[in-house]
There are 2 protein chains.
Amino acid sequence: MREEREIFGKYLSRHNLRDTPQRELILDTFLKREEHVSAEELYDIVKKRDPSIGQATVYRNLKLFSEAGLAREVDLGDGVARYEHSYKHPHHDHLICRGCGKTVEVVDAVIEELQKRVAEKYGFKLTDHALYLYGNCEECRKKE
Amino acid sequence: MREEREIFGKYLSRHNLRDTPQRELILDTFLKREEHVSAEELYDIVKKRDPSIGQATVYRNLKLFSEAGLAREVDLGDGVARYEHSYKHPHHDHLICRGCGKTVEVVDAVIEELQKRVAEKYGFKLTDHALYLYGNCEECRKKE
DNA sequence: CATGAGATGATAACGATTTTCATTAGCAAC
DNA sequence: GTTGCTAATGAAAATCGTTATCATCTCATG
């Protein structure tokens, strides 16, 4: 977390942006959360520490964290943007339970490689991808 | 297209739904389009043939086509729902050009199989998935 | 051809996100 | 410190795709 703050500080000064208490608070709160958070969720948490904070500020800063390489936007397809840690948290795909919504991060080197090849077959140079695997987790299946 | 209409007709009567001129027109227009369409786009086309049509009707019917198995919703992640043909048009993934937006439909049996295995490794029973490959197509790369 | 339920069209409502705008406050130079 | 420039903030309005509401219309069936 110290490292992230340092990176962020450098990003701010390099881009002539300012260090504000709101920014610190939002970043802090974001870094402490290990799970994906939506702007709304983060706003609710942050509000407890500083009720005067505006939700536009949370939206604005989450976007900023992404630009600074500290956060990554995740689209689980429900119309709500979520953010996950990006620093020292490399690319991965998501396995999502249709029952309880639980998400698991997964990577498969072979799938990644095959994707690149499929793209090449069609003359595309792959830059990135989004893979969401939907299913039912063990617990949810037991309940049925 | 004849087949699709027949399926739709059966779906309607089986579900006590009615056959209306608007429905016919929207279905017709949808079936003629080969590319993905958003509700908005379809509405614009349909309006030319029947300016009195409401856009809610287009939204409603696209949803209905999906339920009847004639359409499939595609989420390219830009916040707009698109629909593609579903009848005799099996599952596939999408390769999307970051430059011009062109999309290509792709399938890779090995990737599909590996996905299933990855899911199983985490105790999940895979039901479906969404894979979007983003890159730059040949033409866009040449332009640079 | 009456009748009842589904369908439609216009419009308001929705929810997530963005913009606007007046005000506040970092921060670098003096 | 004080100043001055400009970014950042908070509140509220605006956006945009989509859905809900509701009065009216119109299929399909008896």
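Order of the sequence lines fixes the chain letters, A, B, ..., with proteins taken first and strands second; residue numbering starts at 1 for each chain. What you see is a predicted model, and the numbers here were worked out from it, not measured in a lab.
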What is the distance from [atom1] of [X] to [atom2] of [N], rounded to the nearest Å?
| X | N | atom1 | atom2 | value |
| --- | --- | --- | --- | --- |
| Gln55(A) | dA12(D) | CD | P | 12 Å |
| Leu42(A) | dT17(C) | CG | P | 12 Å |
| Tyr59(B) | dA13(C) | OH | P | 19 Å |
| Asn61(B) | dC27(D) | CG | P | 14 Å |
| Glu41(A) | dA16(C) | CD | P | 10 Å |
| Asp50(A) | dG10(D) | CG | C1' | 11 Å |
| Lys47(B) | dG9(C) | NZ | P | 13 Å |
| Ile53(A) | dA25(C) | CD1 | P | 13 Å |

* **His91(A) and Glu112(A): CA distance, side-chain angles, deciding distance, side-chain hydrogen bond (donor to acceptor under 3.5 Å, both in side chains) verdict** => CA-CA 10 Å; His91(A) 161 78; Glu112(A) 304 275 323; 3.0 Å; yes
Kindly point out which of [options] is positioned nearest to the side chain of [X]?
| X | options | value |
| --- | --- | --- |
| Ala56(B) | dT11(C), dT17(C), dT9(D) | dT11(C) |
| Val80(B) | dA12(D), dT8(C), dT18(D) | dT18(D) |
| Ala39(B) | dT9(D), dT18(D), dG10(D) | dT18(D) |

* Which residues in residues 4-28 of chain B have at least one heavy atom lying under 4.0 Å from any atom of DNA chain D? ->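 Under 4.0 Å from DNA chain D: Arg18(B), Asp19(B).
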Base, sugar-phosphate alone, or nothing: which one does [X] contact when heavy atoms must sit under 4.0 Å apart?
| X | answer |
| --- | --- |
| Ser52(B) | sugar-phosphate |
| Asp78(A) | nothing |
| Glu40(A) | nothing |

* Decide whether His129(A) and Asp93(A) meet the rule of one side-chain donor and one side-chain acceptor closer than 3.5 Å. =>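 A pair is found: one side chain offers a donor N or O, the other an acceptor, under 3.5 Å apart.
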* To do: Assess the side chains of His92(A) and Glu84(A): does a donor N or O sit below 3.5 Å from an acceptor N or O?
  =>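 Per modelled atom types, His92(A) and Glu84(A) side chains form a pair under 3.5 Å.
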* **Axis deviation across the helix from dC1(C)-dG30(D) to dC30(C)-dG1(D), five-pair ends, to the nearest 10°** =>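 For the helix from dC1(C)-dG30(D) to dC30(C)-dG1(D), the axes at opposite ends meet at about 20°.
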Backbone N or O of [Y] within a donor-acceptor pair of the [X] side chain at under 3.5 Å?
| X | Y | answer |
| --- | --- | --- |
| His89(A) | Ala71(A) | no |
| Arg98(A) | Tyr134(A) | no |
| Glu113(B) | Val110(B) | no |

* Sidechain N-carboxylate O distance under 4.0 Å for Lys63(B), Glu73(B) ->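 A salt bridge is absent here (no side-chain N lies under 4.0 Å from a carboxylate O).
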* Have a look at Asn61(A) and tell me which of Arg23(A), Gln22(A), Glu24(A) forms a side-chain hydrogen bond (donor to acceptor under 3.5 Å, both in side chains) with it. =>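 Checked Arg23(A), Gln22(A), Glu24(A) against Asn61(A); only one passes side-chain hydrogen bond (donor to acceptor under 3.5 Å, both in side chains): Arg23(A).
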Mind listing the N/O atom pairs, protein and nucleotides 21-23 of chain C, below 3.5 Å?
none

* Distance (rounded to the nearest 0.5 Å) between Leu133(A) CG and Leu131(B) CG ->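 One gets 9.0 Å once the value is rounded to the nearest 0.5 Å.
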* To do: With DNA chain D as reference, determine whether Ala81(B) or Gly54(A) sits nearer its 5' end, using the nearest nucleotide of each.
  =>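 So the residue in question is Gly54(A).
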* To do: Hey, can you tell me if Tyr11(A) and Phe8(A) have their rings parallel, tilted or perpendicular (30° and 60° cut-offs)?
  =>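 Judged by the thresholds at 30° and 60°, the geometry between Tyr11(A) and Phe8(A) is parallel.
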* Using the side-chain contact (heavy atoms from CB on, under 4.5 Å) rule, take Glu67(B) and His15(B) through it: C-alpha gap first, then chi angles, then the decisive distance, then the call. => CA-CA 11 Å; Glu67(B) 286 160 18; His15(B) 291 260; over 6 Å; no
